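This structure is a prediction, so every number in the text was calculated from the model and none was measured. Note that ligands are numbered from 1 as they come in the structure, with each ligand's atoms numbered from 1 the same way.
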Amino acid sequence: MNRDASIPAQSWATDEVEARVNALLGEMTLDEKIAFVTGGLNWNYAFYARPLERLGIPALQMADGPAGVRVNRGDVHEGKATALPAPIALAATWDPELAWEYGTVIGAEARATDHNVSLGPAVDIARVPLGGRTFESYGEDPRLAAAIGVAFVRAVQAQGVQACAKHFAINNQEDHRTSIDAVIDERTMRELYLPPFEALIREGDVASMMGSFNRINGTFACENPTLLTDILRGAFGFRGWVMSDYGANHSTAPAINAGLDQEQPAEGHWGGQLWHGVQNGEVAETTLDESVRRILRPLIGLGQLESPASLGEFPEDEHHLIAQRIAEASMVLLRNDGILPLSGVRRVALIGTDVDTAGAKGGGSSLVRATREISPLEGLTRAFGDGVEIGLAFGAEPVTPGVLLPGPPTVPEAFFSTPDGKRGLVSEWWTSTDHSGEPLVSRVDGLIEHNLGAHNFPGFNAGSPRYEPLPGELNGQSSARWTGTLTVPVTGTYLFTVTALGRFSFELGETVVASSDTTSMRNSTTAEVDASRSTLAVIDGADATELEAHERAGVQPYNWGGDGGGSAAMYDVSIVLVAGRPYRVRLEYAADDPSQGFLLGARIRLGWMPPAGVVSPDIIAAAELAAASDVAIVVVRTYEAESDDRPSMLLPSGQDALVRAVLAANPRTVVVLMTGAPVDMTDWGAEPAALVQAWFPGQAQGDALARVLTGSVEPGGRLPLTLPRDLSQTPGATVAQYPGVDGKAHYSEGVFVGYRAVRSDGAQPAFPFGHGLAYTSFAYEELVVEAGTREAIATLSVTVRNVGPRAGSEVVQVYVGELPVDVPTPERQLAAFRKLHLEPGATARVTLEIPARAVSYFDVATHDWVIADGIVDVLIGASSQDIRLTSSIPVGASRSVEEWVPDSAAGWEESDPTVVGAMP
Ligand code: BGC
C-alpha cells in the first residue's frame, strides 16, 4: 500500500489489515454497511452497533471510560468497576507512567465487562473554570494533556480495547452544549485545542474519536468537513473512525460526506435515510465504504475479531490500590505553613458535608459505580490509629445537582422546623403538575434545592450520599410543596431568591411574598429577569421603610443542554424578619414548563442573603468542634457534571461560610478541596494553615487523603491548570467569550488561556499552573543546553537535588519564553517536563528535549507551522512561576541545527546554578 510519509503509522492499520478490511467490505451488502454505521440503541451499553454474525464481525459494545468503566449492565459485576480519581487528577500527577496504569485498569475492566470500545479519554482543553466537564479533562495545557492521553490510550488499547478520544472538537463548555457555536480562529485551534487529538493519533495510535455536540465556526462538529476531513484525516492522517456524541449528528449526507463514520446512539438521520441518500446519489457508496473501512481497521487490527471481549474477573484489590496510588500522586499541596504532615495531634475535627462517605465525585456519563469506597473518616481513623480522637461535623448542606441552579447560598435546613417540631420542612412531591392525587413522596427534608431529570438519574447523580435522591418517577413534570416554619436568629432584612423553572408561590407568614406569573414564566427563556417580578414584601407588620427591593438584570440563563428550553429565572424578595419568631412557610411549585420532561425536570431552589451575624447552627457546631481540637480538617466539594456549567466559582451549599467560621475558630485548619475545577477562595477571610487540592480522588479517597495529610506519602501533584482568583482572569471575563451571546462563544482570547494569559506585569492567579509543594525541597543545578535535531531542536540537561529531609518527587518543567515571531505569543509555554522521585540528598541528571513545535506558531497564511527565527528563552523550574534556571537557544530556519555550536555560539548562555529549594 502506498502511504504518504506524513501519515503517521497506526499500528492497527497495516497493509495486512487493509487487505482483510477490503475482503470483508467486499462481502457486505448495502444494508449491512448501513447497519454497521448506524448505532443500534441498547441500554446495556453507552453506545452500541449491531454485530454482523454472518461475517464474524462482533457488536461494538461501548462503555464510558474517562474515569473508570461505567458498566450499564446491572448483571455484570453488579454494574461496578474501579472508580479511579477524576481525569483532572490523573493530569495532576504529571506522570505518564501512572496514566499507563490508569489506562490499564480501564482497558482490563472494560474487556472483563464485555466491552470492546472505551469512550475516553476526554482531551478537551479546560478553557473556563465553570466548565461542567473540567474534571473529565487533562487541564489547560495541550502538551501535558497529550502526554497523559497518549499513555492512557496506549494502555487501554494494549488490553485489546479501542479507546475513543472525545469530544472532537472545541467542546469547552456545557452551557448550551448542543447548539453553541465556538467562533475560533485557525491558529488558536491548531496551537491550543487540537494538539492533544493530534498527539493521540500520531503517538497514541488511537482507534476512534467522538464528534462533539457543538458547532465550530457555524457548522456542527459532526458535519464539519474542515475538522473531520481536512484536519483530522488530511493534516493528522487519522485512519480510524469517528462516531457522533449522543444525538450530536444532525444530518444524513452532510455528516457522512464531511467525514462522520457512525451515528450514535441510534438511528436519527442515518439508517433508512442514509439508504435513500445512497440511492439518490447524495452519498456515494464509496463514501459509505470508506466509513466502513475506518471502523473495520482497528476492529481487525487490534485483534478484536479473533479475541472478542467477554465477561471475566478483574483484580479488584489490585485496581483499588492503583486508584489509591494515583490519588496520592495527584493531590496538590497548594499552601503549607508547616502544619503538614500532621503529627502530634490528639483531637482532630473532621468537617465537611461528605466526610463520612466517599461522596465527592463528578457526575454525568463518567460516573462509575465503585467496587468499594473509603471515606475520609475511615481513612483518617485508620491512619491516626488509637489515641487520636476524631470529632465529626457536616457543617454544610448536602451538595446535590440543585446547586447548579444560580442564586445565593441555600437557606440552611437548620432554620426550618416541621409542625411537629422536627428539623426541616414537610416535603411532598406529586407526579401530577397540580398537587392532585396522593403525593408520591412525603418526607421531612429541609433542602429546597432540586434539579431533577437527567441529573437525577442514578448513574449520573453524584450528589452527597447523605441526601436521599428523589425517585425517578419525579424526573418528568411534577409538583411539590414544602410546609413548616422558619425561625431566624437575627432581626433584619433578608433577601430571598427563588430560582425556578415552572410556576411557584412562596408564602411567608400569611403573605405570598413571591410568585411566578404563569404567562411570563412560560416565555422566560431570555437572559434578563423581568424587574417587575422582583418583589417587595411586607409581612407581619414589619416596618416598610426598612425594606429594600432588589432587582437583577443580566442574570445568566440556565439550561439543560441549552437551546432555550431549560432556563430557570430568579425571583428576589427582601423581607424584614424578627429574631426568634416562627414564620409559617409554604412553598408550592409546579414543574410544568413545556420544556420540562424526562431529561429536564423540576428546577427549584430557595437561596438567601441574610443580614450580618446569621450563621447556621451546623456551622456554629463545626466551628465549636474546631475550636476544641488541635487541628481542623475541612473537606469541601463542588457539584460538577456534563450538560451544565457551574453557575459561579463560589463553593455551594454554605461551604464558604463554613470555611470562614472554622478558620476563625482555629487557625490550625487544613482545607481540602475535593473539586474538579478551580473555586473562588476570596471569601474565606483568612488563609488556611494548609490547602490541598485533592480533586475528585476516586474510590480510595479516604486512605489517599489520610496518608497524604499524615505524611505516610507525599502529596505528589502539580496543578494541570491555573487556579485563577476569579472569572475576570479567564475567558469568562466577558459574556461574548463565555458563555456567549446569540448562540456564539467567541474565542477572542486566542491562545491566551490559563497560564498562557498570565503576564509578569499583570494580575497574578491564586495559584499558578504547575504549582505544588512537596514535603521536601529540591535544588536545580548545572544546566547544559545542546543543539538537537530538526524535530527536537535542543536538549537540556539539569541536575536536580533533593536538599530536604525526606524522599519526594519533583516535576521538572521546561518553558519557552515569548517567540521572536510576527504574532503575539505567551510569555511562557510548556515545552517539556519530567517527574522524578528522589531520596533525601540524592541527585538525578535529567535530560529533556525541546520539540520544534514548542518554538513554532501556526501560520494562518500558509496553514502550516512556522519555526521561530531568533533567540528563544528557556526557563526551567518547579512551576510556571517558580523558575530556577534560565538559558536561551537560537532557533530558526536560517540557522542550521547542525551548525550550532552550543557552548560558544552567541545566545547560548548558561545560567549560574541556583539553589532555590526551600519550601515557601
Ligand atoms: C456524553 C459523552 C458520552 C455519551 C454516552 C454524552 O452525553 O457527552 O461523553 O460518551 O453521552 O454516554
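Of all heavy-atom pairs spanning Val161 and Gln304, the tightest one is CA-NE2, 3.7 Å. The two atoms that bring Ala163 and Ser208 nearest to each other are O-OG, 2.9 Å, heavy atoms only.
Not a single heavy atom of Gln264 lies less than 4.0 angstrom from ligand 1. The shortest separation from a heavy atom of Arg133 to ligand 1 is under 4.0 Å, placing the residue in contact.
Aromatic pair Phe47/Tyr246: centroids less than 6.0 angstrom apart.
A salt bridge (charged side-chain N to carboxylate O under 4.0 Å, His left out) with Glu290 is found for exactly one of Arg233, Arg239, Arg297, namely Arg297.
In terms of protein heavy-atom proximity, atom 3 (C) of ligand 1 is nearest to Asp64 OD1, 3.2 Å. Nearest protein heavy-atom contact of atom 9 (O) of ligand 1 is His167 NE2, 2.7 Å. Nearest protein heavy-atom contact of atom 7 (O) of ligand 1 is Glu642 OE2, 2.6 Å. Atom 11 (O) of ligand 1 has Asp245 OD1, 3.6 Å as its closest protein atom, hydrogens excluded (heavy atom only).
Distances below 4.0 Å separate heavy atoms of Phe213 from the following atoms of ligand 1: 8 (O). The atoms of ligand 1 that sit less than 4.0 Å from any heavy atom of Ser365 are 1 (C), 2 (C), 3 (C), 9 (O), 12 (O). For ligand 1, the atoms closer than 4.0 angstrom to any heavy atom of Phe47 are 4 (C), 5 (C). Counting atoms of ligand 1 from 1 in the listed order, those under 4.0 Å from a heavy atom of Lys166 are 2 (C), 3 (C), 9 (O), 10 (O). The contact set between ligand 1 and Leu119, taken as ligand atoms under 4.0 Å from a residue heavy atom, comprises 10 (O).
By the 4.5 Å heavy-atom criterion applied to side chains, Met674 and Trp695 are not counted as neighbours. Between Glu223 and Leu260, every side-chain heavy-atom pair lies at or beyond the 4.5 Å cut-off.
Judged by the 6.0 Å distance and 45° axis criteria, Arg127 is positioned over the aromatic ring of Tyr747. In this structure, Arg215 is positioned above the aromatic face of Phe220, its NZ or CZ under 6.0 Å from the six-membered ring centre and within 45° of the axis.
Contact annotation: for Arg177 versus ligand 1, heavy atoms closer than 4.0 Å belong to the side chain alone.
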